[in-house]
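One structure is given here, and the rest of the page talks about it.
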Amino acid sequence: MQQDAFQALSPDAQWTEGQRELAQAVADWRAVPGAAPTLAAMDRFGRGERFEDCQPLSALFTADGVSARTFVDDLVGRVLSVLRRYPLGQLPLRHSRREVVDTVLLAHAGNATLALSLYDERALQLQPAPETVEFAGLETWALVLAGEGQAERIERIPVSDKQAEFHRETVPLRAGTRLYRDGSRQAHQVRSVRGSLVVLRLQRFVPETDAVREYGLADGALIRRAAARLEQTRLDMAMAVLAALGRRDAVPLMSKIALGDGAAELRWQALRAILALDTRAGMVLLGNVAASDDAALASPAKELRRSLLVQWPELEKVAQWRG
């Protein structure tokens, strides 16, 4: 009995009990009538159903914010009641901190996430003015639950493949402010807040997106272009490694990727890797793509083929050789 009493007083025992109670608090919240239907709708939304058809999830993002505050307040109240007794407890929900914002992931289903974000005035003041803006294939619905501040809405107007112009406007933020953006052409950057700003944010990845693009705000020049999905990045890195190792046996598989229906960015990288591994196969494939009706790759393939033949005219014969 003395040993049991000693273990009950130990920090490890207290922490374990606190974690158990926190997990139960979150589980209880997920099951209450105010949250369970919303999370069920979140599951449908993550599988691709229209936002408007996913009641009561879409009801969270109404102008008055009553449903959203009730949804969040219930969770916060349950968690805080446990943390008052176990202040070293760790919330059993994914959470992260970036330069100016803390985020707690409330739900994740399919391609969608529902999160609660807190922007801090002091952290924002310490950050330099942003020099770039990123556009990615994410639909975002946001509702300000508490606080005041200002954001900037930046809309991308493409000029060329490597250049863009921007339409920029200031957006006041206050409790009840609703925002929507198509991330492939619009970005929202929080510029300032008074004290703290609490935002409920729903996001869904758009599968058809071919790349994430980052531009310089000052001149609109393209700084970075990356695959939109993690599996595309992995394939991209794998092809780069195979090309560096001289693995010509990978050319048939890379050709399937280049001629497949994947993201244009990934198919373009496959084409470039083939050129590095097998010049003849790469030039033949480059010519086929250039002559195709591929809306995304035909034009850049023509330009790349032209520039290669200008620099190395002998590649014309290499591409015709069938030995």
Side-chain angles (χ1 to χ4, degrees), residues 26 29-30 34-35 38-52 54-76 79 91 93-121 123-124 127 130 133-155 171-206 209 212 228:
V26 173
W29 168 73
R30 287 173 171 156
T38 301
L39 297 176
M42 177 71 183
D43 186 61
R44 301 198 309 273
F45 180 75
R47 295 199 304 268
E49 286 195 23
R50 294 194 317 156
F51 174 72
E52 296 80 5
C54 292
Q55 293 282 350
L57 177 65
S58 57
L60 294 180
F61 296 87
T62 55
D64 59 21
V66 173
S67 296
R69 282 193 293 271
T70 300
F71 178 76
V72 172
D73 286 351
D74 190 11
L75 172 64
V76 172
V79 168
L91 188 66
L93 294 171
R94 288 181 59 185
H95 48 279
S96 63
R97 177 172 177 78
R98 300 181 67 179
E99 289 85 354
V100 300
V101 60
D102 294 279
T103 300
V104 177
L105 185 65
L106 303 181
H108 179 199
N111 289 326
T113 60
L114 181 65
L116 191 65
S117 295
L118 172 69
Y119 292 84
D120 178 71
E121 177 182 15
L124 268 171
Q127 291 298 311
V133 59
E134 184 176 280
F135 299 90
L138 287 170
E139 284 188 291
T140 302
W141 292 260
L143 175 69
V144 178
L145 296 179
E148 296 182 353
Q150 282 191 338
E152 184 176 25
R153 178 184 290 118
I154 306 170
E155 182 167 356
V171 179
L173 303 174
R174 60 181 63 90
T177 298
R178 292 181 300 166
L179 300 171
Y180 168 79
R181 67 182 173 93
D182 172 359
S184 64
R185 60 185 183 87
Q186 297 170 326
H188 290 155
Q189 294 184 343
V190 176
R191 296 289 188 232
S192 64
V193 302
R194 184 179 302 172
S196 298
L197 184 79
V198 182
V199 179
L200 182 66
R201 186 188 69 229
L202 176 67
Q203 289 189 317
R204 182 166 64 183
F205 176 75
V206 181
T209 303
V212 176

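The first residue in the sequence is number 1, and the count goes up from there.
Taking 4.5 Å as the limit, some side-chain heavy atom of Val66 sits within range of a side-chain heavy atom of Thr70. Here the side chains of Leu57 and Arg44 are not in contact, with every heavy-atom distance at 4.5 Å or above. In this structure, Val193 and Leu124 have side chains that are in contact, with non-hydrogen atoms separated by less than 4.5 Å. Using a 4.5 Å heavy-atom cutoff, the side chains of Arg174 and Val144 are not in contact. Using a 4.5 Å cut-off on side-chain heavy atoms (C-beta onward), Val206 and Asp182 make no contact. Between Ser58 and Glu52, every side-chain heavy-atom pair lies at or beyond the 4.5 Å cut-off.
Using a distance-only test at 3.5 Å, with no hydrogens or angles considered, no donor-acceptor pair links the side chain of Arg204 to the main chain of Gly110. Under the 3.5 Å distance criterion, the side-chain polar atoms of Trp29 are left unmatched by any main-chain donor or acceptor of Val72. With hydrogens and angles ignored, the 3.5 Å screen pairs a side-chain donor or acceptor of His95 with a backbone N or O of Leu93.
A pairwise comparison of heavy atoms in Ala142 and Val199 identifies CB-CG1, 3.9 Å as the closest pair. Residue Ala175 comes nearest to Leu145 through the heavy atom pair CB-O, 3.8 Å, listed as atom of the first residue, atom of the second, then distance. Contact between Ala107 and Leu39 at its shortest, heavy atoms only, is CB-CD2, 3.8 Å. Across all their heavy atoms, Ile154 and Arg191 have their closest contact at CD1-NH2, 4.1 Å. Taking every heavy atom of both residues into account, Ala68 and Leu200 meet most closely at CB-CD2, 3.8 Å. Between Ala187 and Val133, the shortest heavy-atom contact is CB-CG2, 3.5 Å.
Distance check, rounded to the nearest 0.5 Å: CG of Leu197 to OG of Ser192 gives 9.5 Å. Taking NE2 of His108 as the reference point, atom CD of Gln203 lies at 11.0 Å (rounded to 0.5 Å). Atoms CG and CZ, from Leu60 and Arg69 in turn, are 11.5 Å apart once rounded to the nearest 0.5 Å. To the nearest 0.5 Å, the span separating CD on Gln189 from CZ on Arg153 amounts to 13.0 Å. Note that CE of Met42 and CD of Glu49 are 13.0 Å apart. Values are rounded to the nearest 0.5 Å.
Annotation: Arg94, atom CZ; neighbour count of heavy atoms from other residues, nucleotides and ligands within 6.0 Å does not exceed 12.
Among residues two or more places apart in sequence or in another chain, the ring pair (Phe, Tyr, Trp, His ring centres under 6.0 Å) test is passed with Trp141 by Phe45, Phe51, Tyr180.
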Donor-acceptor contacts under 3.5 Å from residues 112-121 side chains, at least two apart:
from	atom 1	to	atom 2	distance (Å)
Ser117	OG	Thr103	OG1	3.2
Ser117	OG	Arg201	NH1	3.1
Asp120	OD2	Arg122	N	3.2
Asp120	OD2	Ala123	N	2.9
Glu121	OE1	Gly195	N	2.8
Glu121	OE2	Gln125	NE2	3.4

